Q: 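Here you go, one structure.
Bear in mind that the values here come from a model prediction, so they are computed numbers and not experimental data.
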Amino acid sequence: MRRVSIFGATGSIGQNTIDLIARDPARFDVVALTGGQNIAQLAADAKRLGAELAVTADPARLDDLRAALAGSGVEAAAGQAALAEAATRPADWIMSAIVGVAGLAPGLTALEQGTTLALANKESLVTAGPLLMETAARHGARILPVDSEHSAIFQALAGEDIATVERIVITASGGAFRDWPLDRLAQASVAEASCHPNWDMGQRITIDSASMFNKALEVIETREFFGVDPDRIEVLIHPESLVHALVGFRDGALMAHIGPSDMRHAIGYALNWPERAELPVDRLDLARIGQLNFRAPDPARYPALDLARQVMRHGGLAGAVFNGAKERALDAFIAGHIGFTGMADIVARVLDDLTSRSGLVDDPITLDNVARLDHLARQGVDTAIARHG
Ligand code: NDP
Ligand code: MG
């Protein structure tokens with residue numbers, strides 16, 4: 001029996017993870033499940049899977065959770081301290097699938113226990129990559145990538161020497177507005193941005209796919225996870241979303257990972273690593289698919305990609321600024337305060353401002369400093385919106 005916990009169990013990645021675990025109950029012993037506002041789902045899954053503990057991030061929902069779990073024998077808890085405590089409960093494998101920078105602290109705590117961390121929460125690597133990797137190394141913990149591109153790179157690198165890698169190419173579908181006329185983008189609505197051509201994901205990451213902020217985060221994630229030079233990381237638009245990443249070696253070989261656009265592949269790979277288990281995903285019929293297309297991303301359509309390069313040039317806490325500003329700008333877009341293209345404009349302004357203030361992003365990467373820069377970045381976005389609209 002493998003002891004597993006899922007942070008962000010009620011979300012899109014969390015539910016896909018539960019789907020895999022629930023198909024094979026004899027292999028997994030569920031320790032903790034965590035969620036936020038979706039108490040009904042959290043309680044139902046905790047009961048169904050016989051979890052030891054269910055935690056909601058929101059202390060105001062503790063009574064609801066207790067009521068939903070009454071008589072089940074599952075412990076209920078709430079708040080940041082309870083999330084941290086859940087991360088210290090002995091487990092062989094922990095899924096980090098909370099959305100946003102809130103996923104960083106529980107992931108670090110899990111690594112401090114030496115646990116294997118399946119990392120979907122890319123924000124952890126973007127805001128505090130060196131801290132995460134050092135913590136894992138210090139405690140002999142392993143991080144397994146869950147983001148589909150990074151799982152693909154990881155698989156393409158199996159048995160290879162990273163020193164022989166010339167380049168890493170991650171693909172992007174191009175999102176909802178791939179083929180829209182550029183001059184219409186400013187008017188794009190939230191509903192239009194929330195439709196992904198290929199993947200079924202949470203709303204925030206779907207909008208981030210349309211703006212390519214998601215890909216920008218993933219470029220930084222690639223740099224932090226695999227330790228490759230930013231100049232060796234490329235982004236390629238691939239509308240079919242079947243090739244997830246390619247690794248180019250110094251002998252000219254390009255190893256591509258092809259798989260269905262179903263997150264259960266990458267989650268299942270991390271869940272079963274180092275073995276490959278049978279997974280309930282489609283088998284691709286390439287003869288029927290016929291062709292795979294690729295093209296270079298247009299920097300004018302996707303300014304977020306250039307912002308990622310700036311972030312990597314600055315290093316340090318610039319990732320925390322970028323992520324915090326991006327999250328706040330996304331909130332403002334969803335709330336109707338700014339337009340679609342306003343997100344990248346504002347993030348660029350805040351990134352410029354905070355990285356040009358002497359020393360600010362060069363402070364050590366600690367949880368406190370990440371939180372401080374995240375806060376400053378969000379404030380910066382609010383000020384910019386108040387000033388310029
Ligand atoms: P969702 O929005 O679907 O789910 C987020 C999860 O986090 C939910 O369980 C939610 O609880 C919980 N949560 C929200 N806010 C907080 C908070 N402040 N503190 C603690 N828990 C919180 O997100 P996704 O599953 O789409 O994404 C999760 C992570 O995985 C993200 O980092 C994303 O970038 C990454 N990822 C997602 C992919 C996908 O296919 N969806 C693909 C690759 C990476 P509740 O819903 O109960 O409020
Ligand atoms: Mg991805």
Side-chain angles (χ1 to χ4, degrees), residues 8 10-16 19 36-38 41 97 99-100 120-123 146-149 152 170-219 235-245 259-267 281-282 284 289-305 307-308 323 326-347:
T10 52
S12 162
I13 292 286
Q15 290 291 299
N16 277 311
D19 175 79
Q37 298 306 319
N38 194 346
Q41 187 72 55
V99 67
N121 180 266
K122 61 193 80 179
E123 297 89 342
V146 172
D147 213 346
S148 55
E149 297 75 7
I170 61 176
T171 61
S173 70
F177 307 136
R178 181 178 64 210
D179 302 314
W180 275 38
L182 269 186
D183 57 6
R184 269 189 67 202
L185 286 186
Q187 275 76 51
S189 73
V190 173
E192 287 164 331
S194 304
C195 300
H196 198 282
N198 305 322
W199 295 91
D200 178 17
M201 307 183 287
Q203 186 194 33
R204 297 181 71 85
I205 188 173
T206 301
I207 299 175
D208 282 348
S209 297
S211 61
M212 278 225 201
F213 268 112
N214 181 52
K215 210 50 55 181
L217 297 181
E218 290 181 357
V219 168
V235 174
L236 196 58
I237 293 197
H238 167 47
E240 292 85 3
S241 295
L242 295 175
V243 175
H244 303 303
S261 343
D262 183 332
M263 282 310 294
R264 291 177 305 176
H265 167 71
I267 296 167
V281 298
D282 288 346
L284 296 177
I289 292 163
Q291 48 176 313
L292 299 175
N293 292 279
F294 301 95
R295 62 180 194 241
D298 171 6
R301 185 179 297 272
Y302 303 113
L305 294 179
L307 297 179
N323 184 67
K326 188 278 300 177
E327 294 215 2
R328 191 69 174 165
L330 178 59
D331 293 338
F333 172 63
I334 292 172
H337 300 321
I338 57 172
F340 181 75
T341 50
M343 289 191 284
D345 293 343
I346 286 177
V347 173

Q: Do K326 and L217 have side chains that approach each other closer than 4.5 Å (heavy atoms only, starting at C-beta)?
A: yes
Q: With sequence neighbours left out, write down each residue that passes side-chain contact (heavy atoms from CB on, under 4.5 Å) with A120, or none if nothing qualifies.
A: I13, M95, A97, V146
Q: Out of curiosity, I207 CD1 to L330 CG, how far, rounded to the nearest 0.5 Å?
A: 5.0 Å
Q: With sequence neighbours excluded, what pairs up with E123 under the salt bridge (charged side-chain N to carboxylate O under 4.0 Å, His left out) test?
A: none
Q: State, yes or no, whether a side-chain contact exists between E192 and Q187 at a heavy-atom distance under 4.5 Å.
A: no
Q: Would you please name every residue forming a side chain to side chain donor-acceptor pair (under 3.5 Å) with D282, sequence neighbours left out?
A: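 For D282, no residue satisfies side chain to side chain donor-acceptor pair (under 3.5 Å) once neighbours in sequence are set aside.
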Q: How would you list, by chain and number, every residue that makes a side-chain contact (heavy atoms from CB on, under 4.5 Å) with A300, sequence neighbours excluded?
A: L182, D298
Q: If you round to the nearest 0.5 Å, how far is CD1 of I338 from CD1 of I346?
A: 4.0 Å
Q: For D345, enumerate each residue passing the side-chain contact (heavy atoms from CB on, under 4.5 Å) test, keeping only those at least two apart in sequence or located in another chain.
A: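 Counting only residues at least two positions away or on another chain, D345 forms a side-chain contact (heavy atoms from CB on, under 4.5 Å) with R349.
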Q: For H265, check side chain to side chain donor-acceptor pair (under 3.5 Å) against everything at least two apart and list the hits.
A: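 Here the qualifying residues are Q155, H257.
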Q: What residues, two or more places apart in sequence or in another chain, satisfy side chain to side chain donor-acceptor pair (under 3.5 Å) together with H244?
A: none
Q: According to side-chain contact (heavy atoms from CB on, under 4.5 Å), who are the partners of P303, at least two apart in sequence or on a separate chain?
A: A344
Q: Please report the C-alpha distance between H196 and S173 in whole Å, then the side-chain angles of each, then the deciding distance to 0.1 Å, and finally whether the side-chain contact (heavy atoms from CB on, under 4.5 Å) criterion is met.
A: CA-CA 9 Å; H196 198 282; S173 70; 3.3 Å; yes
Q: Using the ring-ring contact (aromatic ring centres under 6.0 Å, His included) criterion, which residues pair with F333? Sequence neighbours excluded.
A: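 Applying ring-ring contact (aromatic ring centres under 6.0 Å, His included) to F333 gives F340.
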Q: Can T10 and N38 be counted as having a side-chain donor-acceptor contact under 3.5 angstrom?
A: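 There is no such pair (donor and acceptor under 3.5 Å, judged by atom type) between the side chains of T10 and N38.
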Q: Can you confirm whether the side chains of N293 and E240 place a donor and an acceptor under 3.5 Å from each other?
A: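 Their side chains do contain a donor-acceptor pair, which is all the 3.5 Å distance test asks for.
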Q: Applying side chain to side chain donor-acceptor pair (under 3.5 Å), name anything that partners N214, two or more places apart in sequence or on another chain.
A: K122, E218
Q: Can you list, pair by pair, the side-chain donor-acceptor contacts under 3.5 Å of residues 199-206, counting residues two or more places apart and other chains?
A:
| from | atom 1 | to | atom 2 | distance (Å) |
| --- | --- | --- | --- | --- |
| Q203 | NE2 | S194 | OG | 3.3 |
| R204 | NH1 | D331 | OD1 | 2.9 |
| R204 | NH2 | E327 | O | 3.2 |
| R204 | NH2 | D331 | OD1 | 3.0 |
| T206 | OG1 | G202 | O | 2.8 |

Q: Are Y302 and V235 packed together at the side-chain level, in the sense that at least one heavy-atom pair is separated by less than 4.5 angstrom?
A: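 Not in contact.
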Q: For R184, give me all partners under salt bridge (charged side-chain N to carboxylate O under 4.0 Å, His left out), at least two apart in sequence or on another chain.
A: none
